[in-house]
Structure formats: C-alpha cells, structure tokens
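Computed over heavy atoms, backbone and side chain alike; hydrogens, waters and symmetry mates excluded.
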Amino acid sequence: MSQLFSPFDLGGTTIRNRIWVSPMCQYSATDGLPNDWHLVHLGSLARGGAGLVMTEATAVVPEGRISPEDTGIWNDEQQAAWARVVDFIHEQGAVAAIQLAHAGRKASTFSPWNGRGSVSITEGGWQTVAPSPVPFPGLEEPRALSLGDIDALTTAFADAARRSVAAGFDVLEIHAAHGYLLHEFYSPLSNKRTDEYGGSFENRVRLLLQVVAAVQAAVPDETPVVVRISATDWVEGGWTLDDSVELARMLRAAGVALVDVSSGGNVAKAPIPVGPGYQVELARRIRRDAGIATGAVGLITEAKQAEEILEEGDADVVLLARALLRDPHWPLRAAHELGVQVDEGVEWPRQYRRAALD
C-alpha cells in the first residue's frame, strides 16, 4: 500500500490520502469575497484527487489582508460565499480546510501583477500593524499593536473560526509563518516589545498560543486545528529550528493536531537553501523531537519524492503548491506512477474515466 495514498486521521477527521493542497494566494477577490475563480481553482484541485484542499491565506479582519484582493471571512456575505466553495470540495470527496490569517506588517501590498511595495491609503490600502513599529524592508512602517488591539485580534480569530465552521470547513489552519503577524510576534527580529508579549521566548509565543486557545474554544471539539509555522528565519539572531521544536511541544500540549512546517519570510533576502524538498528536514526534526504530526512543504514535485518522504518518516503528509498549479490532476498521475489502484485513496471523476491512465 502506498503511504501517499493511505488514509490519514487528523484529530478524528479521516482524509482519503496524504496529498494536501498548500495555501496559495490568488489575489482575485473583491472586498474579501471568494468568487467563481476560487470555486474553479479550489474545486479543480479537489476533483484532481487531493485529500485535503486548503484556501489561500484568508484574513480575519480587513486590515489583515496581504493585498486588497485577498479573501476574508469577517462577515456573513463572505461566509456564504465560502460555503458554496466548500460544498463543491466535499462533493469531490476531499476535506475542506481554511487558513486563517493576518498579514501584520506585510499587509496592504500590491498584488504581484499590479506593482511592488505598499498600497497607499489613497490607493485603497491601510495602516498596517505589527508587534513593534519595525517595517519590513520596502514596506511602510507599521503601528505597534496595543494590548487592547491584541485582545480584539484574538477575538477576530475566534469569530473567523466560528464562521469557518458554519461555512462547512472541516479543518482550520492558523497561519503563523512567512513573516506575517503571528510569526512577527514570535521572531525576535520583528518583536521588540517589553511587555508580556515581548522579550522572552514564552512571551513572544504567547499570542500564538492565545489565538490557538481562542480558536479551539470557538469551534466543536472534533474540529482539527493545524498551525503553519516558519521553522527558522534562516539568519543569525532570528527564530531557530530549536525554537520551533519547543513551540511544537507547546502546540501539541495545547491540542493542535499537526504542524505545517514551512520557513522564512520574515527577513528580506535571507540565505535560504532553496532546492527540491529543502524544508523536509525541518518537518522531520519537529516530528521526531516534538512528538507531533507534521506536514512537509517546499518544492515537492514528484510522486516518488513524496512517497519517500512519508516512507522515511520525515512527515505525515505532504503539501503541494506549484506542482498542483501546473497539473491539478497531479494526484491521479502520481497514483498511476506508484501503481495505486482506483479507489485506493484516489478516484478518477466518473466524467473523466475515459481518460484514466492504464
């Protein structure tokens, strides 16, 4: 039996295989509303055989969007629009997940094809916020969050979690990676606070643990909560893999079902050794030393490569992004390459069976 196409139990939710769709920004929403693009984009990935399909970074408040064109889930209209997408994902046999996010000091930026840098308030942007008034290179200086702001932000994550469950999402992922707000709090490079949310390791991870607790309290006990982290900042004096192991232990104790292990994003031009599977070692170390399930992500492109990651115990699931953009039916092709029979963790849509690989 292929490991890649074996079922995976995530906190009581059974996922048909271990191929997950990694969150991928689409920059195609208006006022945070997902539309036909998102239905077709995510729906095609579910139809293509992925076990779990995750949304792009979806903001819990308007000012948490990376760009003005990002999706959100802070109002009823957005919740209803997401429900339509979730229903289709379910119809294809996949599990639907949403990534709840706040971009912090990296918010209010242009979509890639519209420019670079910060979008000004006159152009439809907004004042960004962060743990400290330390700008990301090339972007506007953020405003430091007050203690009241932090409480309101925690509530916003909880409210977004309730809306997500009401929309039908099965799994919730809290985005605490890539230099966005929750990562900004735990990294010493961006957090210069001197109150209970800054300074020591315990203080810097406080907000993430607070958000995890608020989200868990807002949803049914059977709803799995996953956290994506950046396992290292890749620079001296920044967040380290050892820090991530300790954080993962705390997340496990808090009831988090899996850690989605990425890296970087909080430092411009960090010396990241990009290459096939370059972040797999990070997932392996956290899985081994923190005793928690992990997801591996980062230039995983071939079926054999993904299978070996699981066979060797490096991670429990793999998350694909660009490979799925190139081929939304990657899971079906991978099943053929690995000799997996139809219905063993993946199934050709009946409308497409005439094209099934022999």
Side-chain angles (χ1 to χ4, degrees), residues 1-11 13-24 45 48-54 94-95 97 99 171 173 177-178 224 226-232 234 241-242 244-245 247-249 251-252 256-265 272-341 344-346:
M1 180 68 182
S2 161
Q3 287 295 306
L4 192 60
F5 289 97
S6 64
F8 181 65
D9 182 274
L10 183 72
T13 295
T14 300
I15 302 169
R16 63 185 175 187
N17 61 50
R18 299 176 186 236
I19 303 167
W20 290 16
V21 175
S22 196
M24 291 179 277
L45 299 172
L52 179 144
V53 177
M54 196 177 307
V95 165
Q99 187 185 61
V171 175
E173 177 170 275
H178 300 165
V226 172
V227 176
R228 170 168 275 196
I229 66 170
S230 278
T232 174
W234 294 109
L241 181 54
D242 287 340
S244 289
V245 170
L247 173 60
R249 290 175 179 144
L251 293 173
R252 182 195 64 195
V256 168
L258 178 143
V259 176
D260 178 0
V261 185
S262 190
S263 69
I272 302 175
V274 176
Y278 69 103
Q279 296 175 135
V280 171
E281 171 58 32
L282 307 176
R284 178 193 301 119
R285 170 79 187 285
I286 290 171
R287 183 176 191 264
R288 184 193 70 198
D289 291 358
I292 191 169
T294 61
V297 61
L299 294 184
I300 299 169
T301 59
E302 302 302 324
K304 183 179 179 182
Q305 175 194 19
E307 181 75 17
E308 288 176 350
I309 289 169
L310 302 179
E311 286 180 345
E312 293 174 10
D314 297 333
D316 297 272
V317 301
V318 295
L319 293 100
L320 276 62
R322 296 179 190 184
L324 287 170
L325 292 182
R326 289 187 285 267
D327 179 7
H329 295 93
W330 189 96
L332 297 174
R333 178 171 57 79
H336 173 70
E337 292 177 4
L338 296 173
V340 174
Q341 299 300 310
E344 291 182 4
V346 66

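- With Gln279 contributing its side chain and Ala231 its backbone, the two residues share no donor-acceptor pair below 3.5 Å.
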Next on the checklist: As a quick check of understanding, evaluate side-chain contact (heavy atoms from CB on, under 4.5 Å) for Ser22 and Arg228, giving each step before the final call.
Outcome noted: CA-CA 10 Å; Ser22 196; Arg228 170 168 275 196; 2.8 Å; yes
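- No donor-acceptor pair closer than 3.5 Å links the side chain of Arg16 to the backbone N or O of Val95.
- Each of Leu251, Ile229, Leu247 was compared with Ile286 under the side-chain contact (heavy atoms from CB on, under 4.5 Å) criterion, and only Ile229 meets it.
- To the nearest 0.5 Å, atom CG of residue Leu324 and atom CH2 of residue Trp20 are 14.0 Å apart.
- Although no hydrogens or angles enter the test, the distance criterion places no donor-acceptor pair under 3.5 Å between the side chain of Trp330 and the main chain of Gly48.
- Here the CG-CG distance, from Asp316 to Leu258, works out to 6.5 Å after rounding to the nearest 0.5 Å.
- Side-chain N or O atoms of Arg18 include none that pairs as donor or acceptor with a backbone N or O of Phe8 at under 3.5 Å.
- Checking Asp314, Val259, Val261, Val245 one by one against Leu282, the side-chain contact (heavy atoms from CB on, under 4.5 Å) holds for a single residue, Val261.
- For the residue pair Pro273 and Tyr278, the shortest heavy atom distance occurs at O-CB, 3.3 Å.
- Atoms CG and CG, on Asn17 and Leu52 in that order, are 9.5 Å from each other to the nearest 0.5 Å.
- Residue Ser2 holds its OG atom at 7.5 Å from CD of Glu311, rounded to the nearest 0.5 Å.
- A distance-only check finds a donor-acceptor pair linking the side chain of Glu307 to the backbone of Leu4 [under 3.5 Å].
- Distance alone, capped at 3.5 Å, places no donor-acceptor pair between the Gln3 side chain and the Glu308 backbone.
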